[in-house]
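Before any comments, here is the structure.
Naming: A, B, ... by sequence-line order, numbering from 1 per chain. Quick caveat: nothing in here was measured; it's all calculated off a predicted structure.
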There are 2 protein chains.
Amino acid sequence: MTDVLSDRDERPGRRAGGTGPKGEAISSAARRLFLRDGYERTSVDAIAAEAGVSKRTIYNRYGDKENLFLSVLKESSSTMLTVFDRIAEAHLADITDVQQDLTEFARDVAFSLIRSPERIELIRLMMSEAPYFPALLREQMRPQTMTGIISRALARLGDAGLLRITDPTEAADHLSALTFGQINNKTWFGAIQVSDADVDRMVTAGVATFVRAYRPS
Amino acid sequence: MTDVLSDRDERPGRRAGGTGPKGEAISSAARRLFLRDGYERTSVDAIAAEAGVSKRTIYNRYGDKENLFLSVLKESSSTMLTVFDRIAEAHLADITDVQQDLTEFARDVAFSLIRSPERIELIRLMMSEAPYFPALLREQMRPQTMTGIISRALARLGDAGLLRITDPTEAADHLSALTFGQINNKTWFGAIQVSDADVDRMVTAGVATFVRAYRPS
DNA sequence: GTCTATAAAAAGATAGAC
DNA sequence: GTCTATCTTTTTATAGAC
């Protein structure tokens, strides 16, 4: 899976929106509509109606539609990274059974993607709009936090002799491709629904293939 | 990689556009602009200007913007599947060295994706617009031709004892994920440029991991 | 079949009062 | 800070002549 999750560069004092009673309503409404309809199909009028505020309030707070959009994506991806981080910490901190623990980790992440519309839809939206908002691509260029977390865990497993890891980053890419990547492709990043059983099967098979390829000889 | 490539259901007599001198100019201009700017950001005025025809001609031929869009995507994905099929036929017909032949196959496909803007951009566009055009999702639901081609080749390798294949479709998904899937994720489906060397490295490593996981014991 | 001209609606952004 | 009302531009689609 790609690393759409980065929340550095947060300057707390300089933050637009989100403050005040109406701030939460605006960003929440914008998030719902942008994730559902995309950037161009979502009008500021619709966001104002959904949030129960006037359009002028939105422009006063955010300046223009583009800034509102980027602000919402930044907030959302920050939340998503936090969720991923917590799941990773719970499963990858100390591993006893490699295959079982990696499978449970990947399954938890996968279900957190599939079950909440706010997750996989966010990735789809960022990918769709990336060419038209260079700021999104700059975010993407940062040290890749999701791959980073996984690769550090795999490096530890390599040091412990539980896996044969020569390039931890490459191994993390392969594990991601065989699990989250498969799901993203199969669902068209959320456009097509898949059953929980399918997700479970894909994740289990993906981790099994990964472990077969990286087991110590 | 996902199977965005299907060209069945072609009813040659009933085809809109593409016929006549202006027909080619319209579909070609529409393809360029839709692939570059997406659906909503591309106006029919811009397509008419790019094609050198009047807007009325477009509406007479295609009815509305949506039909023009779907027609262009259908034509483009059909071309893309043909290209993929030819590459697969050239590399997978008879395989002697599994790792080398699979690597060359994946590399050829990958470069045909990366080098031509019409390829990977098409996948990105279809994925971006899929939720808003159910017809695109129905196309996607068809027997998956790309996975099908790969899985049949892998099944032959399994029968020949060169790989240990129990589920050919699953193996094909894993090979795709480790090669094309990795590239698509890394490039954000064409939004980010990668060097030829990076593509080569990813494909080589992906196939190596695949072969390690599926080699006969 | 092809063109010029136009209708009709939507959307981003702003003026000015409270 | 918030609201109603408005401006301006863009866009899809059509009318009607040649």
Side-chain angles (χ1 to χ4, degrees), chain A residues 13-73 125 128-129 131-136, chain B residues 13-73 125 128-129 131-136:
Chain A
R14 192 63 195 80
R15 198 178 200 170
T19 59
K22 303 295 178 63
E24 207 59 44
I26 293 173
S27 67
S28 169
R31 185 172 58 249
R32 272 195 305 278
L33 294 185
F34 280 138
L35 287 175
R36 194 189 65 191
D37 300 332
Y39 181 78
E40 288 290 340
R41 289 180 174 86
T42 300
S43 70
V44 180
D45 292 85
I47 295 171
E50 177 92 358
V53 300
S54 88
K55 192 161 54 167
R56 195 70 181 89
T57 302
I58 294 180
Y59 278 99
N60 279 340
R61 280 177 174 270
Y62 289 91
D64 59 8
K65 184 184 177 182
E66 174 171 344
N67 188 50
L68 170 60
F69 180 66
L70 293 175
S71 169
V72 160
L73 285 191
L125 179 59
S128 297
E129 300 296 340
Y132 317 111
F133 297 96
L136 286 179
Chain B
R14 194 60 196 80
R15 198 176 198 170
T19 59
K22 304 293 180 62
E24 208 59 44
I26 294 173
S27 68
S28 168
R31 186 172 56 248
R32 271 196 304 279
L33 295 185
F34 279 138
L35 286 175
R36 194 189 63 189
D37 300 331
Y39 180 78
E40 288 290 338
R41 288 181 175 85
T42 299
S43 70
V44 180
D45 291 86
I47 295 172
E50 177 93 357
V53 301
S54 89
K55 193 163 50 168
R56 194 70 183 88
T57 302
I58 295 179
Y59 277 101
N60 279 341
R61 280 179 175 270
Y62 289 91
D64 60 9
K65 184 184 176 182
E66 176 170 342
N67 188 51
L68 170 60
F69 180 66
L70 293 176
S71 169
V72 161
L73 285 191
L125 179 59
S128 296
E129 301 296 341
Y132 316 112
F133 297 96
L136 286 179

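Checking A/Arg32 against A/Ser28 by side-chain atom types alone, a donor-acceptor pair falls below 3.5 Å.
In this structure, B/Lys65 satisfies the cation-pi test against B/Tyr39, with its NZ or CZ atom closer than 6.0 Å to the six-membered ring centre and inside 45 degrees of the ring normal.
Rounding to whole angstrom units, CG of residue A/Asp37 and C1' of C/dA11 are separated by 15 Å. In this structure, CG of A/Leu68 is placed 15 Å from P of C/dA11, rounded to the nearest angstrom. If you measure from atom CD1 of B/Ile58 to atom P of D/dT11, you get 14 Å, rounded to the nearest angstrom. Atom P of nucleotide C/dG12 and atom OH of A/Tyr39 are separated by 7 Å, given to the nearest angstrom. Taking atom CZ on A/Arg41 and atom C1' on C/dA10, their separation rounds to 15 Å, with Å as the unit. Distance OH (B/Tyr62) to P (C/dG1): 12 Å, rounded to an integer number of Å.
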Do any N or O atoms of the protein come closer than 3.5 Å to N or O atoms of nucleotides 13-18 of chain D, and which pairs are they?
unit_1, atom_1, unit_2, atom_2, d
D/dA13, OP2, B/Tyr59, OH, 3.2
D/dA13, OP2, B/Lys65, N, 3.3
D/dA13, N6, B/Lys55, NZ, 2.5

| request: Show your working on side-chain contact (heavy atoms from CB on, under 4.5 Å) between A/Leu68 and A/Val44 and close with a plain yes or no. | output: CA-CA 10 Å; A/Leu68 170 60; A/Val44 180; 5.7 Å; no
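Closest approach of A/Arg41 to B/Tyr132, counting heavy atoms only: NH1-CD1, 3.2 Å. Across all non-hydrogen atoms, the minimal contact from B/Ala29 to B/Glu50 is CB-CG, 3.4 Å.
Ranked by how close their nearest DNA chain C nucleotide is to the 5' end, B/Gly52 and A/Glu40 are led by B/Gly52.
A donor-acceptor pair under 3.5 Å links the side-chain atoms of B/Thr42 to the main chain of B/Leu33, judged by distance alone.
Within the nucleic acid shown, B/Ser43 comes within 4.0 Å of sugar-phosphate atoms alone, with no base atom in reach, counting heavy atoms only.
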